[in-house]
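Read through the structure below, which is laid out as structure tokens, and then see the notes.
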2 protein chains.
Amino acid sequence: MYTLDQVRCFIAVAEELHFGRAAERLHMTQPPLSRQIQRLEREIEFKVFERTSSGVSLTPAGTSFLVESYRLLDRVDTAPRKAKLIAEGRIGLIRIGYTAVSGYNVLGHLLTCIRKHLPDVQVELTEQVTSSQIESLQNHSIDLGLARPPFDGEGIISQPIYTDNMAVVIPKGHPLGQHRDNVSLDEISKYPMVMFSPKDAEYFHDLLTRELGISAKQGKFQVTDAATIVGLVAQDHGIAIVPSSTKVLGRSDVEYLNIPALADIAVELHAIWHTDSSNPVLQHIPEIMSDFSTQSLDD
Amino acid sequence: MYTLDQVRCFIAVAEELHFGRAAERLHMTQPPLSRQIQRLEREIEFKVFERTSSGVSLTPAGTSFLVESYRLLDRVDTAPRKAKLIAEGRIGLIRIGYTAVSGYNVLGHLLTCIRKHLPDVQVELTEQVTSSQIESLQNHSIDLGLARPPFDGEGIISQPIYTDNMAVVIPKGHPLGQHRDNVSLDEISKYPMVMFSPKDAEYFHDLLTRELGISAKQGKFQVTDAATIVGLVAQDHGIAIVPSSTKVLGRSDVEYLNIPALADIAVELHAIWHTDSSNPVLQHIPEIMSDFSTQSLDD
DNA sequence: ATTACTTACGTATGACGTAACGATT
DNA sequence: AATCGTTACGTCATACGTAAGTAAT
């Protein structure tokens, strides 16, 4: 097999079309250069130069081999640097799972931070409920999740990234709208509600039932996706308690009430990842998160 | 700079994760292998292996460098073969200029032959009149042309590829249609004609005026493109004498007359190329042409 | 003690440089 | 005669293998 030195010799001669000058450029004398070329030609089994009376010229195959040689040396040069960048997590891919609600608000800001810190890292996004994200993290089919507690999977690390609060959403013109922002929970309990699913929206479901004492039976529908809940509310299928960030859905057919009973209820979104993920991009999560937390998310 | 031998050593150890076995696979002993890896690590300035008590493992950067190494060695392996194939004209690009009429018929068959002989050669097609093809050949902006004589450019080589004949084209329902295929030239001269342009369709223009003695003045329009001529005939702007291969245009609003006066008029299409084209694909023109000539073009 | 990688040292392959050679203008 | 690439030959660097060393189980 031929060597990189031979390729470098070849390129020099091909560029100079003169063994003497090429040797000079390579800080060597003609004879060993000549031998290197001969050896290269023996290894690759074709002549790269035509040695005529009037000088040296590339053969057709040599001409083609020259461009291949450039590419080869380029790869030789970039391979270690690229490997280092990959290992440092500065280039590569990060696959992120996110809950639908986080997509309304937090995700965009997170992507901005990622872009800022790691401009050459590709991002792949998949909408997934929390339980599915944990499974994917353990499969190693995603690298990072944006999810709601609890995280009971093995090896899952979580860090709070954003705190939202809950609000009552009612259809436009609903009687509760009259009292604006000063409604008690008891009041609300009189109306049928669209509830979060206990399975795929465990966090919100438990929050409503446990923390607020709302009966699951009050819900005529059990829905996973907050956007769907708001949609059902708009179409008069009940009222609901949803994260405030659903406001960015921008629906004009609903109203939000920031009632006192919900004022102290904080709903947390966490970034989660797996301890033994091999993706080097995750190294930068701390710096990205700390940058993220300095930004205002209000809109 | 690191060497390919070092890369091969690295791959062996990375695959075995064991210096001893890797050395065995490389038909050498552990010490020099160990030194090769050390040297590699010194050259690329990062450690590729973690030497722990419990054995050898790849560092993150080493893991990335492994995939780069595979690609590198792959290129080392393919570069000479690729160069040889390019030089032999078995892979690469051939840029072909063709006249509009040749596109109706000959071009397709030629491409079939090229595909058959040179399945891995890409073909780029540009419609050009003969004079423009010659210019492009001299510019080296095309490699091959399909054109009509004469070829008076410097260094142009031509070879006949297809012989067509001329036919009278008349609009459907035209009085000449009654006599079907038994019309004299004199008869035709009574009707206004759509003529070929003397500049961009020199070959056909000269054929009609010189060989058949048709006066240029008989033409109300002078047109470059045969398809346009047939279109104008269809719309009753005159009759015309055009190559028979325009029949493949498939227009039902015109009729063709194969009159005796045109029976012996052969119109030739040539493949043309330039002596000092550097495109190695042209080496295969002879074989392609001889294969082409054994095929029937009638449809 | 054994296993496995690294360091030390002597040997040999091979790459360089000088010198001589051959071919062309 | 001069230029330029190749062959011949002696020297030195580099890479190998053997042997000894070191660290961990």
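Just so it is clear: chains get the letters A, B, ... in the order the sequence lines come, proteins before strands, and each one is counted from 1. The analysis underlying the following values was restricted to heavy atoms, covering all of them including side chains, and did not include hydrogens, waters or symmetry mates.
- A donor-acceptor contact under 3.5 Å is formed by the side chain of B/Arg35 with the base of D/dG17.
- Nearest to the side-chain atoms of A/Met28 among the listed nucleotides C/dC16, C/dT7, D/dT18 stands C/dC16.
- Distance A/Leu33 CG to C/dG17 C1': 13 Å, rounded to the nearest Å.
- Taking both residues in full, the closest heavy atoms of A/Tyr2 and B/Arg75 are given as OH-O, 4.4 Å, listed atom of the first, atom of the second, then distance.
- Among residues at least two apart or in separate chains, ring pair (Phe, Tyr, Trp, His ring centres under 6.0 Å) pairs with a member in residues 123-154 of chain A are A/His140-A/His274, A/Phe151-A/His270.
- The closest donor-acceptor contact from the side chain of A/Ser34 to the backbone of A/Gln30 lies at 3.5 Å or more, if one exists at all.
- Side-chain contact of B/Gln128 with B/Ser136: a donor-acceptor pair under 3.5 Å is present, judged by distance alone.
- The CD-C1' distance, from B/Glu24 to C/dA4, rounds to 14 Å in whole Å.
- When the side-chain nitrogen and oxygen atoms of B/Gln38 are compared with OP1 and OP2 of C/dC5, none of them lie within a distance under 4.0 Å.
- Nucleotide D/dG5 holds its C1' atom 12 Å from the CD atom of A/Glu41, rounded to whole Å.
- Taking 4.5 Å as the limit, every side-chain heavy atom of B/Trp273 sits out of range of all side-chain heavy atoms of B/Ile156.
- For A/His18, taking side-chain heavy atoms from C-beta onward, the closest of the listed nucleotides D/dC4, D/dC16, C/dT6 is D/dC4.
- Atom pair B/Lys47:NZ and C/dC5:P shows a separation of 16 Å (rounding to whole Å applied).
- Distance, B/Ile37 CD1 to D/dC16 P: 11 Å, rounded to whole Å.
- Side-chain N/O atoms of B/Ser34 include one lying less than 4.0 angstrom from OP1 or OP2 on C/dT6.
- Counting to the nearest Å, the C1' atom of D/dG5 and the CZ atom of A/Arg39 are 19 Å from each other.
- For the OP1/OP2 pair of D/dC16 and a distance below 4.0 Å, the side-chain nitrogens and oxygens of B/Gln36 include at least one atom meeting the criterion.
- Whole-Å rounding puts the B/Glu50 CD to C/dT6 P distance at 12 Å.
- Heavy-atom distances to DNA chain C give each of B/Arg21 and B/Pro32 a nearest nucleotide, and the one nearer the 5′ end belongs to B/Arg21.
- Per the geometry, CD belonging to B/Gln6 stands 14 Å off C1' belonging to D/dC16, to the nearest Å.
- A sub-4.0 Å separation between OP1 or OP2 of C/dT6 and a side-chain N or O of B/Arg51 is present.
- Between A/Pro31 and A/Thr52, it is A/Pro31 whose nearest contact on DNA chain C lies nearer the 5' terminus.
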